[in-house]
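Okay, structure first, notes after.
When a ligand or atom number is given, it counts from 1 through the structure's own listing order.
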Amino acid sequence: MRILVFGAGSLGSLLGGLLARAHDVTLVGRDPHAERVREDGLRVEGEVSAHVEPAAATAVPAERFDLAVVTVKAFDTDAAAAALASVDLDGVLSLQNGLGNEERLADALACPVLAGTCTYGARLRGPGRVDYTGIGEVVLGPPGGGTSSLADRVGTAFDAAGIETTVATDMPRRRWEKLAVNAGINAVTALARVENGALSEGPAGDTARRAAVETAAVARERGIDLSDETAADEVERVADATAANRSSMLQDVDAGDRTEVDAINGAVVERAEEPVPVNETLTALLRAWERERGLR
Ligand code: KPL
């Protein structure tokens, strides 16, 4: 399969690197990372060690691709949609945090858009180097649920590259479950400056579970079958499986970059019909941190 990975940050580089073991992959990212991948290839280290040689560019090449995998931050989704609008594609898979990304891509693109969740731990170590810090899973399918031949093809292609992938018919519920995980893990690890594994016990872990439980309540208000127990258990399971990982939001804070708080905890607050005090507090704290640094 010819695959374009749009957003060669931590997760995009890891997935692009793993996919390049079986497919013709082009990474779109920033220099100096893209330049180094072009010159010396991409080194994946950690759970898997591999040296692969995908193509890499800072803009989308005018070529045909079977699939574009979008891995940019939620606040860059509209820019991704604009960049992909003129590309000849069979389909797009959004593997992004937060709610609403697939809808924004689908509004701008003529091809079908799949929703996906990914719980891999990844960290960009430097130009041309990505660490695989936690084995996870990719789940993908049509955003509204049900089946599609594109989802089946993409699932087969990911499996062929050794990426454990589930093709799901219940993506609306899966997206809310992943939102609950991110609402719990990302903001708490970013504010406490701890790795995911630190959430196994103590007050930080309690706060993460409470944020996830609030998210499950909002999901139920919207007709999604997600129990408090499932949401809290998923936070624990993912925090354990990616214990050595610095969450994507902590990596943003480490780098002094804008975070995805609006698309994660902010999205929970925005959709809630009843008070969600933990998500409100986490959103307010991260927004204050961003404001202080002139990031919003
Ligand atoms: O999605 C993640 C993220 O960091 O954004 C998890 C699964 C929590 C891994 O850190």
Could you check whether Thr165 and Glu137, counting side-chain N and O atoms only, form a donor-acceptor pair closer than 3.5 Å? no
Only heavy atoms of Thr119, strictly under 4.0 Å: list the atoms of ligand 1 that pass. 7 (C)
Under 4.0 Å to a heavy atom of Val238 - the qualifying atoms of ligand 1, by number: 7 (C)
Around atom 6 (C) of ligand 1, find the nearest protein heavy atom and jot down its residue, atom name and distance. Asn182 ND2, 4.2 Å
Return a yes/no value for Thr242: is any of its N or O atoms, backbone included, closer than 3.5 angstrom to an N or O of ligand 1? no
Between Leu114 and Pro143, which heavy-atom pair has the shortest distance, and what is it? CA-CD, 4.2 Å
Ligand 1 to Ser248, heavy atom cutoff 4.0 Å, flagged ligand atoms 3 (C), 4 (O), 5 (O)
Val70 backbone acceptor or donor facing Ser94 side chain under 3.5 Å: no
Non-hydrogen atoms of Ala80 and Val72 that approach each other most closely: CB-CG2, 4.0 Å
Backbone N/O of Gly121 and side chain of Thr242: donor-acceptor pair under 3.5 Å: no
A student checking ligand 1 against Lys178 at a 4.0 Å heavy-atom cut-off should list atoms 1 (O)
Any heavy atom of Met249 sitting closer than 4.0 Å to ligand 1? no
Determine whether a donor-acceptor pair (N or O, by modelled atom type, separation under 3.5 Å) exists between the side chain of Thr283 and the backbone of Asn279. yes
Purely on distance, is any nitrogen or oxygen of Asn245 under 3.5 Å from one on ligand 1? yes
Under 4.0 Å, heavy atoms only, figure out whether ligand 1 is touched by the backbone of Asn186, its side chain, both or neither. side chain
Report, as yes or no, whether the 6.0 Å neighbourhood of atom CZ on Arg30 holds more than 12 heavy atoms from other residues, nucleotides or ligands. no
